[in-house]
Novice: 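Got a structure for you, questions after.
Residue numbering restarts at 1 for every chain, and letters A, B, ... go by the order of the sequence lines.
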There are 2 protein chains.
Amino acid sequence: MFTEERHQQILSYLNKYHRASVPELSQTFQVSESTIRRDLSELEQKEKLRRTHGGAVCLDFVRMEPTVKEKQTTNLSEKERIAKTASEWIKEKETILLDSGTTTLQLAKQLHSLNLTIVTNSVSVLTELQDAQNIELLSTGGTVRPQIGAMVGPYAEGFIRRIKVDKLFLGMNGVDGRNGLSTPNVLEAQMKKEMISAANKVILLCDHSKIGKITLHQVASLSEIDMIITDKSAPLSFLEDCEQLGIDVITV
Amino acid sequence: MFTEERHQQILSYLNKYHRASVPELSQTFQVSESTIRRDLSELEQKEKLRRTHGGAVCLDFVRMEPTVKEKQTTNLSEKERIAKTASEWIKEKETILLDSGTTTLQLAKQLHSLNLTIVTNSVSVLTELQDAQNIELLSTGGTVRPQIGAMVGPYAEGFIRRIKVDKLFLGMNGVDGRNGLSTPNVLEAQMKKEMISAANKVILLCDHSKIGKITLHQVASLSEIDMIITDKSAPLSFLEDCEQLGIDVITV
DNA sequence: ATCAAAATGAGCATAGTCAATCATTTCCAA
DNA sequence: TTGGAAATGATTGACTATGCTCATTTTGAT
């Protein structure tokens with residue numbers, strides 16, 4: 001393969017996966033890592049990609065990544081860690097239901113290279129995963145809630161009622177030992193209820209800031225959750241309540 | 001074999017294999033590598049191929065690279081003008097169905113400040129308009145087609161069947177006077193059919209590059225269209241055909 | 001904050017490739 | 001035939017691509 005060809009292919013690869021590591025490319029094209037590094041340097045010179053430590057990313061992906069909104073996201077690093085841990089519980093070929101929200105979006109970012117069927121009511125997740133090669137991506141449809149980008153309402157619920165998934169990764173505004181799960185919007189509350197019914201296993205992703213909060217509409221009681229992934233700042237008493245209910249608790 | 005003949009054969013060879021090395025060609029045509037290099041230099045001069053270190057690659061192959069982003073920018077200015085004109089036909093409070101595609105995405109960008117109900121099967125349009133203040137945004141849901149970001153399949157069709165909209169803005173891969181409207185993907189074709197049925201008024205947005213093209217699956221005949229907005233490079237004969245059918249034709 | 005592992009880029013040696021040059025061969029018209 | 005232009009092949013010094021080593025930087029985990 002000629003150098004030029006390899007350069008083209010590296011760009012296609014990046015277009016597909018948005019990112020590529022040096023060892024990954026080295027193996028793919030059967031050349032040394034040095035060569036790949038040289039390739040990446042040259043392509044960066046030509047502004048065809050953006051070099052990162054360990055690899056490179058696609059240019060539009062870079063532009064897309066740090067949106068204003070995302071920068072404003074609170075507790076981003078906790079959410080990232082929670083998402084990373086959550087991704088370790090996903091096996092190839094599974095069918096996953098992804099709720100809307102910033103934490104589940106972080107989870108979506110981890111899933112690009114897996115072979116999965118993903119159902120979601122989040123516009124951001126759709127955008128994030130629409131070009132992932134091995135993912136069969138399904139959208140619930142419905143009314144789009146501004147700002148949040150969640151699809152809700154009767155159409156969305158109707159979609160969910162017709163499916164069954166292996167695992168649901170659920171976000172939530174309020175999580176409380178006594179009051180269970182709650183959210184401020186009635187349509188979202190209803191939607192989350194349906195999602196819980198559609199899943200064999202319900203995994204709740206929430207950073208510590210959500211714990212102890214009670215918001216307007218109750219979605220479910222704690223006992224309907226199978227696993228909860230949160231950060232180490234979560235109050236111990238709450239975590240004990242969860243374990244008492246037989247919920248798997250993971251803190252990261 | 002004459003020099004000219006060899007040149008022709010080198011080009012055929014490239015057409016077949018997209019690439020060729022100097023030793024490979026040298027052996028194939030039983031001439032020295034020097035000669036091949038001379039041949040390749042001349043052919044590059046005439047822009048018949050692209051020289052690389054060690055050989056040459058077919059030009060089309062090099063051009064094969066146009067990234068998703070570049071595709072979006074093909075005829076961008078035409079698309080923008082078409083979109084702008086299309087937006088002038090939209091009145092406040094109307095219910096609009098927006099097909100997926102780059103031209104309809106340009107249209108979506110024009111609609112931020114209007115008070116509308118918009119239904120779409122395009123992930124890009126959802127992202128574009130999710131934060132628009134006065135827009136009630138509805139998503140069809142369904143299976144997401146990679147690259148294109150169109151939601152299709154039975155669920156998407158089911159959604160469309162249950163609604164009626166004032167106007168549909170439709171994109172299309174192929175538009176031909178005789179053959180009507182066509183698209184390469186069967187699911188998209190089906191989806192577009194349903195959308196046409198759901199609309200009181202069907203407005204086709206297409207730049208001149210789509211006209212005269214026929215692709216695999218027929219979506220509808222021209223007569224099902226109420227209005228077509230295209231650019232001034234559209235062939236006159238086609239525009240006359242449209243007017244004969246009573247279609248409003250606008251060229252920008 | 002600190003440390004070990006991973007990644008990097010510079011330098012260098014090697015193999016393969018290149019363009020320039022020149023001698024030889026082929027072709028064609030006078 | 002013969003002269004000259006064009007095409008070809010061989011040679012060679014320069015250039016390019018690659019892989020390897022090693023000192024330095026970056027990263028991530030504690």
Novice: Tell me, which pairs form a ring pair (Phe, Tyr, Trp, His ring centres under 6.0 Å) where one or both residues lie in residues 159-178 of chain A, sequence neighbours left out?
Specialist: A:F159-B:Y155
Novice: Would you mind checking if A:D99 and A:K192 are paired as a salt bridge, meaning a charged N to carboxylate O distance below 4.0 Å?
Specialist: yes
Novice: Answer yes when A:E33 and A:R37 have at least one side-chain N-carboxylate O distance shorter than 4.0 Å, and no when they do not.
Specialist: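 The answer is yes: the pair qualifies as a salt bridge.
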Novice: Just report the end-to-end axis angle for the helix from C:dA1-D:dT30 to C:dA30-D:dT1, five pairs per end, to 10 degrees.
Specialist: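 The angle separating the two end axes equals 40°.
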Novice: Do other residues, nucleotides or ligands put more than 12 heavy atoms under 6.0 Å from B:Q27 CD?
Specialist: no
Novice: From B:N121 CG over to B:L138 CG, what is the distance, rounded to the nearest 0.5 angstrom?
Specialist: 12.5 Å
Novice: Need two values: the first and the last nucleotide of DNA chain C, 5' to 3', having an atom under 4.0 Å from any heavy-atom of chain B.
Specialist: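 That gives a stretch of C:dT17 to C:dT21.
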Novice: Does the pair A:E157 and A:R161 meet the rule for a salt bridge (charged side-chain N to carboxylate O under 4.0 Å, His left out), with working shown?
Specialist: CA-CA 6 Å; A:E157 290 162 25; A:R161 254 183 245 117; 3.6 Å; yes
Novice: Let's see if you get this right: which residues in residues 30-37 of chain B place a heavy atom under 4.0 Å from DNA chain D?
Specialist: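 Going residue by residue through residues 30-37 of chain B, the ones with a heavy atom under 4.0 Å of DNA chain D turn out to be B:V31, B:S32, B:S34, B:T35.
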Novice: Would you indicate what B:S26 reaches in the nucleic acid, counting non-hydrogen atoms under 4.0 angstrom: base, sugar-phosphate, or nothing?
Specialist: nothing
Novice: By nearest nucleotide on DNA chain C, pick out whichever of B:S41 and A:R38 is the more 5' one.
Specialist: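 Nearest nucleotide further toward 5': that of A:R38.
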Novice: Roughly how far, to the nearest 0.5 Å, is the CD atom of A:E44 from the OG atom of A:S41?
Specialist: 7.0 Å
Novice: How long is the span from the CD1 atom in A:I225 to the CG atom in A:L170, to the nearest 0.5 Å?
Specialist: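 Separation between the atoms: 5.5 Å.
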Novice: Anything under 4.0 Å to a heavy atom of chain A counts; send over the first and last such nucleotide of DNA chain D, read 5' to 3'.
Specialist: D:dA17 to D:dT27
Novice: Looking at A:G158, is its backbone amide N or carbonyl O close enough to the side chain of A:E194 to form a donor-acceptor pair, meaning the two atoms are under 3.5 Å apart?
Specialist: no
Novice: With A:N200, which residues qualify under side chain to side chain contact (heavy atoms under 4.5 Å, CB included), at least two apart?
Specialist: A:D166
Novice: Are any side-chain N or O atoms of A:T140 and backbone N or O atoms of B:G141, one a donor and one an acceptor, separated by less than 3.5 Å?
Specialist: no
Novice: Do B:E42 and B:K46 sit within salt-bridge range, that is, some charged N less than 4.0 Å from a carboxylate O?
Specialist: no
Novice: Which part of the nucleic acid does A:T52 contact within heavy-atom distance under 4.0 Å: base, sugar-phosphate only, or nothing?
Specialist: sugar-phosphate
Novice: Determine whether the side chains of A:T35 and A:S32 contain a donor N or O and an acceptor N or O closer than 3.5 Å.
Specialist: yes
